[in-house]
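These numbers were taken from a predicted model, which means no experiment stands behind them. Order of appearance sets the numbers: ligands from 1, and atoms from 1 within every ligand.
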Amino acid sequence: MELIEKPEAVRRRARMPDYARARRTFTWAGARAQMSGLPGGRGLNIAHEAVDRHATGRGDAVALRVLSRDGAVDEVTYAELRRRTDRFANALRALGVARGERVFTLLPRTLDLYVVALGTLKAGCVLSPLFSAFGPEPVAQRLRLGEGRVLATTPRLYERRVRPQRADLPDLRHVLLTGDPAEGPDDGEEGCSALQHLLDAAEDGFTIPPTDPEDPALLHFTSGTTGRPKGAVHVHEAAVAHHATATAALDLGPDDVFWCTADPGWVTGTSYGIVAPLTHGATLLVDERDFDAERWYDVLAEQRVTVWYTAPTALRMLARHGAEAAHRRDLSALRHVASVGEPLNAEVVRWSAEVLGTPVHDNWWQTETGAIMISNFAGEDIRPGSMGRPLPGIEATVLERGPDGRALRTGGGVREVTTPGVDGELALRVGWPSLFRGYLHEDERYRASFADGWYLTGDVVRRDADGWYWFAGRADDVIKTAGHLVGPFEVESVLMAHPAVAEAAVIGKPDPVAGELVKAFVTLRPGWWPSDALHDELIAFARRRLGSVAPKELVVDPHLPHTRSGKILRRLLKARELGLPEGDLSTVETS
Ligand code: AMP
């Protein structure tokens, strides 16, 4: 078994120096006691834990350090963040937005995103962040499902992603715009107003209303194999898990300069891109620009980043860029590097140990779990290629699978795999604070995610004899491209809206950098014939509607495989793509 051993000094300085002991002694009640709670015992509010509680004692500490597009570096203290988020909460009140109503963001990383996110939580509204590279259809569908009342976005994104579907969004009352007004609608048009005007007009000082820890706080959309996106609801109590897991898995504390590169539209970008670093009172780097290998190394070196949370795709791109760029910089401040969202290959862990001076620590979790569940820890050795072990407070297991690939449910419930190295569905014992509390409007789908007190994750894993977890794949057909979860059904539905397409099937095709890329197979309606022009037209059609989750590859295939009941077998298409055995074909008809 390959092991990357940690030197004694590294073990000792870790915030969780003894994993076995932490597992024995950790309690969620103890983790809850780390929160301050709203003054006067009025409950628990994420924004109070993230902002206000530091604003009194450590108001001058830097909460956000914003690296703006033009190269300027602006610092925002906790006191200033309090003032701005108070104003935004007051602005929502002035607009008549009620508690529990949903405020969506479709924003790149800018200071306003953090002000809107945290001000929304202060006001008792529910925050739903969207990925800013989504096209108009995914944006509109999520706004509709979530009955978005307010949307904060840029004039440019409004024009391109929202305006085309505006008539289908009757619940959307207020669009708050930040960015160049010349690129968007006029003030007042279609409920649009300039965010800055609202902030200027709003009062200073806001008292967070009593907040039940079980009040909904966050709504994150995620994708399944079938049907529409699922809206996972998280509550204010989730902050307890964001905070505790950031200590255990990210080695994060108040003196850190923390950089999370996740887009704010995905769950990592909220739990660890906003909440956890601020509940710790750390300094959070906000980088407005996109990936660029040389610049990223500059950021790590010049900003003296101590804890870095990023994604395997980005690390693979850095590794391709060559070690010399890292050697030219002083990365001595970098203490802990972690990644999440997709399988982390063992070579990247080794590369990081050599080039960055510390191995990457893989973490596993998903939208529904709200926080990191399985991790490689700062004070523990690493088995490259393994996702690690469950966090203190988290009980994981592997469940036997049935013919549909998911956990087998027999009359007596589910059965755990006891033999090491045998794969099954990863399940987690219910009972941690950031477990989702429902799929919006979909109780049946929610209930189906649980069996015998376990939450069923939909991932296939193996556990070795020492209790380390190894990722094997998804139990369903969802695709992970550059760390982003894509529901094949959503992509297929858009392709089928094109008049040439009779049927569509979408799979994840393995890719050395992005993990997987979205590949579509279509059959054509009578009267249409394959051609380069049609191929390009279909790709462009999908791209206009879906944005960055559109297929990168598309082939016309008149023989898509079906089950006897008529469902397309993506599993078989994928096996063919990989050149793998096609498995048990007894339920398959090739039309
Ligand atoms: P999301 O809900 O968008 O965060 O996606 C969660 C999914 O990403 C999981 O169910 C896994 O399939 C995948 N994933 C997350 N972390 C890892 C990891 N460390 N290794 C492999 N797959 C991962």
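Ring centroid separation for the pair W259 and Y272 does not come in under the 6.0 Å cut-off. Aromatic pair Y469/W364: ring centres not closer than 6.0 Å.
When hydrogens are left out, the protein atom nearest atom 3 (O) of ligand 1 is L485 CB, 3.6 Å; that is the closest non-hydrogen contact. In terms of protein heavy-atom proximity, atom 11 (C) of ligand 1 is nearest to D459 OD2, 2.8 Å. At the shortest separation from atom 6 (C) of ligand 1 among protein heavy atoms lies Q366 CB, 3.3 Å. Scanning the protein for heavy atoms near atom 18 (C) of ligand 1, the closest one is E342 O, 3.5 Å.
S271 and H242 share a side-chain donor-acceptor pair at under 3.5 Å. Side-chain contact check for E342 and T313: at least one donor-acceptor pair (N or O, by modelled atom type) lies under 3.5 Å. R445 and Y439 share no side-chain donor-acceptor pair at under 3.5 Å.
Atoms of ligand 1 lying under 4.0 Å from at least one heavy atom of K480, given by number and element, are 1 (P), 3 (O), 5 (O), 6 (C), 7 (C), 8 (O), 13 (C). In the vicinity of T367, heavy-atom distances shorter than 4.0 Å reach the ligand 1 atoms 1 (P), 2 (O), 3 (O), 4 (O). Residue-ligand proximity, G341 to ligand 1, at heavy-atom distances under 4.0 Å covers atoms 8 (O), 13 (C), 14 (N), 15 (C), 16 (N), 17 (C), 23 (C).
Taking only non-hydrogen atoms, the option from A472, G370, G483, P343 nearest to atom 21 (C) of ligand 1 is P343. Nearest-residue assignment for atom 17 (C) of ligand 1 (options F471, W364, Y469; heavy-atom criterion): W364.
The list of side-chain hydrogen bond (donor to acceptor under 3.5 Å, both in side chains) pairs with a residue in residues 385-400, not counting sequence neighbours, reads E380-R389, T397-E416, E400-R415.
Not a single heavy atom of L344 sits under 4.0 Å from any atom of ligand 1. Ligand 1 lies nowhere less than 4.0 angstrom from a heavy atom belonging to T457.
Geometric assessment of R463 against the ring of W470 yields a negative cation-pi assignment under the 6.0 Å and 45° thresholds.
F436 and Y455 have perpendicular rings, their planes meeting at more than 60° on a 0 to 90° scale where under 30° would count as parallel.
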